[in-house]
Amino acid sequence: MGDFLDKDILLEMKNIHKSFPGVYALNAVDFKLRAGEVHALIGENGAGKSTLIKVLGGIYPADQGEIFINGKKVEIKGVKSAQDNGISIIHQELVLVPHMTVAENIFLGREPGRGKFVDQSKMHDDAQELLDAHGMKIHARTLVGKLTIAQQQMVEIVKAISYRSKILVMDEPTSSLSEKEVRFLFKTMRALAEKGVGIIYISHKMSELEEVCNRVTVMRDGLRNSCFRVKPPMSL
Ligand SMILES: Nc1ncnc2c1ncn2[C@@H]1O[C@H](COP(=O)(O)OP(=O)(O)O)[C@@H](O)[C@H]1O
Ligand SMILES: [Mg+2]
């Protein structure tokens with residue numbers, strides 16, 4: 001493209017190959033994400049979008065290819081390793097635990113406290129602070145099962161933010177949201193991008209792209225077809 005400096009490249013996936021029995025899901029895919037941009041990844045069903053993201057998130061190992069974060073080569077060996085590299089993925093299927101509170105879900109596996117004793121009040125206060133700071137009108141003590149899908153998605157976003165992720169991926173997040181919820185999600189995405197987070201936004205709704213995205217990559221049959229700019233990132 002030549003219209004951004006290399007230093008802004010947060011993530012580079014190079015020559016990624018992945019096949020499943022009988023299917024060449026990714027065939028030499030290159031993908032670059034800049035800090036502060038919302039980058040749409042679009043393409044028909046079966047194009048390879050989710051597979052590319054699963055390689056990034058440590059769910060599938062690539063057959064071949066390299067991944068660089070801030071110019072440094074990284075080995076993503078699994079989900080935890082992706083998280084340690086600042087990558088958070090919000091999958092299409094929600095994975096929160098319904099019978100646990102919002103705060104318990106956000107801090108699952110890294111609860112504050114000593115040994116077996118979780119500091120419940122600190123955990124809920126910290127979670128509430130995070131929710132409030134992002135303008136989310138959700139109570140930290142509510143059971144996740146009582147939230148709407150949109151609210152659950154917001155909790156996933158707050159959880160991703162709490163890991164201080166630099167790379168946030170959303171796989172078709174708006175498919176079950178109302179118009180108003182979509183507005184709020186987009187506002188949250190823009191605010192994160194302004195803070196320098198790079199967001200990969202998977203969608204097949206063309207109408208959304210111009211509104212929220214800086215750049216679009218189109219995938220087709222496991223190949224990256226084209227990449228074009230919609231508008232410059234706000235923070236650069
Ligand atoms: N776990 C899997 N096992 C076998 N084939 C798969 C698997 N995951 C994806 N595929 C195949 O890889 C191709 C790309 O799929 P996917 O990445 O899910 O596309 P998209 O997200 O763009 O719809 C498709 O042909 C799909 O059937
Ligand atoms: Mg998919």
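Keep in mind that the numbers below use all heavy atoms, side chains included, and drop hydrogens, waters and symmetry copies. Just so you know, ligand 1 is whichever comes first in the structure, and atom 1 is the first atom listed for that ligand. Keep in mind it's a predicted model, so treat the numbers as computed, not measured.
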Clusters formed by hydrophobic residues whose side-chain heavy atoms approach within less than 4.5 Å: which one holds Phe68, and what are its other members? none
Assess the side chains of Thr188 and His134: does a donor N or O sit below 3.5 Å from an acceptor N or O? no
Within the 4.0 Å heavy-atom sphere of ligand 1, strictly under, residues: Phe20, Val23, Ala25, Glu44, Asn45, Gly46, Ala47, Gly48, Lys49, Ser50, Thr51, Tyr60
Parallel, tilted or perpendicular, judged at 30° and 60°: which one describes the rings of Phe20 and Tyr60? perpendicular
Does some side-chain heavy atom of Ile76 sit less than 4.5 Å from a side-chain heavy atom of Ile67? yes
Is there a side-chain contact between Leu41 and Met219 (heavy atoms, below 4.5 Å)? yes
Taking salt bridge (charged side-chain N to carboxylate O under 4.0 Å, His left out) as the test, write out the residues that go with Glu179, two or more places apart. Arg183
Would you mind reporting whether Leu33 and Ile167 have side-chain heavy atoms less than 4.5 Å apart? yes
Shared ILVMFWY cluster between Met100 and Leu147, side chains joined below 4.5 angstrom? no
If you leave out waters, which protein N, O or S atoms are less than 2.8 Å from the Mg ion (ligand 2)? Ser50 OG
Geometric class of the Phe186/Tyr201 ring pair [parallel <30°, tilted 30-60°, perpendicular >60°]: perpendicular
